*Asks:* 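The structure is given below, and queries will be raised subsequently.
Just so you know, residue 1 is the first one in the sequence shown, and it goes up from there. Computed from a prediction, not measured in an experiment: that's the story for all the values here.
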Amino acid sequence: MEARGTPRLRGALAVMAAVALLFTLSVAVSPERAAAAAVLVSQGKPATASSTEAPFTAASAVDGDRATRWSSAFTDDEWIRIDLGASTSIGQVVLDWEAAYAKGYRLEVSADGTDWTTIHSTTAGSGGVETLTVSGTGRYIRMRGTERATAWGYSLHEFQVYSTTDGGTAPGDDVLLSYGKAGSASTSQHDGTCWECSPDKAFDRDPASRWATSPEGGWTDQGWIAVDLGARAEIHRVVLQWDPAHARAYRIEVSDNGTDWTTIHSTTTGTGFKETLDVSGAGRHVRLYATQRSGAYGYSLWEFQVWGTGGAPNPAPPLPADPTYDRLVFSDEFNGPAGAAPDPAKWVPETGTGPNNELEYYTNNKNAAQDGNGSLVLEARREETPGSACPPDPLSGSTTCQYTSARLNTYGKFQFTYGRVEARIKVSGTQGLWPAFWMLGADYFDQGRPWPYTGEIDIMEHVGKEPNTTYSTLHAPAYNGAAGYGAPYSLPGGADFADDFHTFAVDWDSKGMTFRVDGQVTHTVDKEELEGTRGPWVFDHDFFLILNNAVGGDWPGPPDATTRFPQKLTDAASFRLPVEQAAALFLGLLFTRPHPGDPARLTGSGLAEVFLHGALAPTPGADR
């Protein structure tokens with residue numbers, strides 16, 4: 001499988017125009033605690049409500065700021081709900097009421113957000129700050145008001161949920177103790193192969209950064225990495241996400257002083273990839289001490305996670321909630337007049353030469369236009385761009401770019417984490433053409449992070465030399481390029497994808513992805529299986545959409561004597577541009593009914609549609 005390739009920053013890249021993005025970081029802050037203390041699990045989590053008195057939104061009740069609040073409409077039957085992100089054992093709830101409080105209310109928990117179980121109820125609520133000892137388990141928790149104490153509605157400064165009671169440790173109370181902690185190691189690598197691969201990178205909960213031992217003087221069998229948890233802790237689990245340079249033999253050790261070590265796990269048959277170890281021990285320091293390498297290199301870990309109770313944990317930023325597919329948050333029906341450019345509120349043209357030894361020069365919407373019939377056309381033309389530089393064109397021998405095309409993205413307009421994405425596409429289909437519908441991590445621009453550390457999700461790639469096949473592929477630091485994690489799909493009977501429109505889709509959440517072509521499942525990705533066989537999952541953050549129609553490149557190869565310009569596409573009959581040589585990527589008509597598990601039902605018109613959880617959904621064209 002070939003790669004979509006390494007996106008390159010270019011001086012002329014139009015997407016680098018000044019677009020202000022607003023980032024809101026919700027960080028849960030809790031004091032250092034002993035093993036028996038309660039753990040705040042609600043702060044920064046997605047919150048929704050039956051109603052909202054603007055601007056007092058549900059999110060304001062879980063932001064840790066008493067100066068903000070949620071307020072409801074002025075009726076008795078109102079509620080506020082928190083999605084904790086995973087099934088959680090709940091031992092305590094704190095309701096910090098504004099003057100408009102509930103006299104009667106219930107606290108309820110649910111596994112699915114539909115069926116609810118009451119864990120506390122009262123008809124004599126007192127207002128103020130109510131600290132309630134409760135017992136229940138669920139992913140969702142809500143306060144449902146049944147009787148107002150005032151003429152107003154219900155209003156909470158804070159709705160805090162704790163995973164234990166105040167007097168003990170509940171089952172499943174383990175927390176990530178190692179996040180953001182100081183690390184130390186026998187050696188660290190710092191060169192062109194692994195830049196700044198320091199020990200702290202194993203404790204940052206960033207699966208795209210890693211620690212590695214130094215090659216200076218030659219890699220050796222003895223090597224170690226340790227973490228200071230800040231206080232003594234009970235250690236119950238260690239998770240090791242290895243780079244291919246893993247340990248065959250190693251020990252997990254604990255210490256109170258960082259000098260005297262006690263072994264709580266050892267093996268001589270380490271498997272690499274992801275190892276989840278159930279252990280039992282106590283100490284302030286935890287160390288992995290490796291004694292035998294699996295190969296010629298040293299040792300390298302993407303993640304070294306320590307789980308348990310006690311310590312002095314730094315609360316990690318909450319992970320996104322899974323989508324519920326209950327809201328359409330982005331769509332483009334391309335219903336503008338013939339010749340109109342793509343909607344600038346949604347799409348940004350990228351300009352300049354392409355990566356992957358491609359031969360095209362991407363123009364500023366000169367090669368992208370709507371056709372007046374509900375389609376967007378990205379045209380690849382045999383057309384020289386004076387002053388440009390491309391790899392040699394085998395047809396002309398020139399190193400001046402001999403082809404123009406289009407590449408559009410939604411960065412700065414729309415990016416998202418998790419959801420369903422679909423588009424109906426009719427591809428170009430001649431030798432040397434490479435149309436694609438894909439997504440790239442927003443940190444490529446937000447943080448200047450290079451590919452493949454951003455992650456890449458290829459929903460559809462097609463190369464003209466394989467007319468009846470498309471590919472869906474994931475790229476990450478541990479699996480990219482020709483080693484990307486993906487699968488091909490070929491049409492029945494050897495049909496050519498360029499002959500008709502086809503629907504390409506991906507469903508994406510915290511557990512994995514499912515890719516479909518025309519409703520047919522073509523590739524599934526299970527996060528746990530991926531981490532246990534290929535490497536880290538790097539897809540729990542914002543991505544943006546990309547559409548492009550490349551010419552040439554390492555995978556499709558260059559145009560040759562068989563390449564046809566123009567490409568005859570039946571759906572293009574009403575669209576003409578004043579050029580004689582053109583091949584086109586057509587994006588057609590689609591509407592997907594928001595039914596989880598049934599993404600292939602077509603009932604109207606639209607394109608590139610994205611369904612997300614309502615609480616996470618930006619409005620189309622809005623910055624995040």
Side-chain angles (χ1 to χ4, degrees), residues 38-52 57-59 61-62 70 72-73 75-95 102-123 125 130 132-148 153-154 156 158-165 170-173 318-329 418-420 507-512 514 526-528 593-599 601 611-617:
V39 180
L40 180 63
V41 294
S42 55
Q43 195 157 300
K45 296 298 176 66
T48 55
S50 55
S51 63
T52 297
T57 64
V62 292
W70 163 72
S72 75
T75 61
D76 281 333
D77 190 14
E78 300 288 345
W79 53 263
I80 179 172
R81 181 182 81 171
I82 305 171
D83 180 356
L84 301 176
S87 182
T88 304
S89 179
I90 299 166
Q92 185 184 85
V93 171
V94 177
L95 301 175
K103 183 177 179 182
Y105 64 88
R106 300 192 299 268
L107 294 179
E108 302 171 324
V109 294
S110 172
D112 57 9
T114 301
D115 301 313
W116 296 90
T117 300
T118 298
I119 59 173
H120 176 83
S121 66
T122 185
T123 58
E130 295 185 83
L132 310 170
T133 298
V134 297
S135 179
T137 299
R139 170 173 172 165
Y140 302 89
I141 182 169
R142 72 180 177 186
M143 187 290 297
R144 181 156 198 155
T146 56
E147 183 183 356
R148 291 168 293 153
Y154 304 107
L156 284 166
E158 285 293 299
F159 179 4
Q160 295 179 327
V161 181
Y162 292 83
S163 66
T164 69
T165 65
D173 186 42
L319 292 171
D322 280 333
T324 56
Y325 304 105
D326 57 3
R327 183 180 175 194
L328 176 65
V329 296
Y418 305 154
R420 176 178 302 144
D507 282 288
W508 165 36
D509 61 25
S510 65
K511 301 175 185 64
T514 300
D526 179 83
K527 176 183 177 181
E528 289 296 321
R593 292 163 62 183
H595 298 306
D598 188 17
R601 299 175 65 179
F611 290 93
L612 296 178
H613 189 290
L616 299 178

*Asks:* In chain order, what residues pass the side-chain contact (heavy atoms from CB on, under 4.5 Å) check against Asp77, with sequence neighbours excluded?
*Replies:* Arg144

*Asks:* Any donor-acceptor pair under 3.5 Å linking the side chain of Asp509 with the backbone of Tyr418?
*Replies:* no

*Asks:* Check Thr137 against Ser87 and note the closest heavy-atom contact, atom names and distance.
*Replies:* CG2-OG, 3.3 Å

*Asks:* Does the Thr88 side chain pair with the main chain of Ser163, one donor and one acceptor, at a distance under 3.5 Å?
*Replies:*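 Looks like no, no N/O pair under 3.5 Å.
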
*Asks:* Applying side-chain contact (heavy atoms from CB on, under 4.5 Å) between Val161 and each of Val62, Val109, Ile141, Val134, report the one that passes.
*Replies:* Ile141

*Asks:* How long is the span from the CG atom in Leu107 to the OG1 atom in Thr118, to the nearest 0.5 Å?
*Replies:*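 Here the rounded value is 8.5 Å.
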
*Asks:* Out of curiosity, Phe159 CZ to Tyr154 OH, how far, rounded to the nearest 0.5 Å?
*Replies:* 14.0 Å

*Asks:* Excluding sequence neighbours, so at least two apart, what forms side-chain contact (heavy atoms from CB on, under 4.5 Å) with Ala73?
*Replies:*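 Here the qualifying residues are Ser51, Glu78.
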
*Asks:* At their closest point, which heavy atom of Arg148 faces which heavy atom of Gly153, and how far apart are they?
*Replies:* CD-CA, 3.8 Å

*Asks:* How close do Gly419 and Pro323 get, heavy atom to heavy atom, and via which atoms?
*Replies:* N-CG, 3.9 Å

*Asks:* Evaluate the criterion side chain to side chain contact (heavy atoms under 4.5 Å, CB included) for residue pair Glu158 and Val94; output intermediate values, then yes/no.
*Replies:* CA-CA 8 Å; Glu158 285 293 299; Val94 177; over 6 Å; no

*Asks:* Kindly compute the distance separating OG (Ser42) from OH (Tyr162), expressed to the nearest 0.5 Å.
*Replies:*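 Result: 7.0 Å between the selected atoms.
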
*Asks:* Nearest 0.5 angstrom please: Arg420 CZ to Leu328 CG, how far?
*Replies:*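 Answer rounded to 0.5 Å: 11.0 Å.
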
*Asks:* Which residues satisfy the salt bridge (charged side-chain N to carboxylate O under 4.0 Å, His left out) test with Glu147, sequence neighbours excluded?
*Replies:*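 Testing Glu147 for salt bridge (charged side-chain N to carboxylate O under 4.0 Å, His left out), a comparison that skips the adjacent residues, returns none.
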
*Asks:* State, to 0.1 Å, how close Gly136 and Ile119 come at their nearest heavy-atom pair, and which atoms those are.
*Replies:* CA-CG2, 4.0 Å

*Asks:* Looking at every heavy atom in both Pro318 and Lys45, which two are closest together, and how far apart are they?
*Replies:* CB-CE, 3.5 Å

*Asks:* Using side chain to side chain donor-acceptor pair (under 3.5 Å) as the criterion, list what pairs up with Lys511, not counting sequence neighbours.
*Replies:*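 For Lys511, the residues satisfying side chain to side chain donor-acceptor pair (under 3.5 Å) (neighbours in sequence not counted) are Asp322.
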
*Asks:* State which residues pass ring-ring contact (aromatic ring centres under 6.0 Å, His included) with Trp70; sequence neighbours excluded, sorted by chain then number.
*Replies:*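 ring-ring contact (aromatic ring centres under 6.0 Å, His included) list for Trp70, sorted by chain: empty.
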
*Asks:* If you round to the nearest 0.5 Å, how far is CD1 of Ile90 from NE2 of His120?
*Replies:*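 Here the interatomic distance stands at 13.5 Å.
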
*Asks:* Listing request: all side-chain hydrogen bond (donor to acceptor under 3.5 Å, both in side chains) pairs with a residue in residues 103-113, at least two apart in sequence or in separate chains.
*Replies:* Tyr105-Glu130, Arg106-Glu108, Glu108-Arg142, Ser110-Asp112

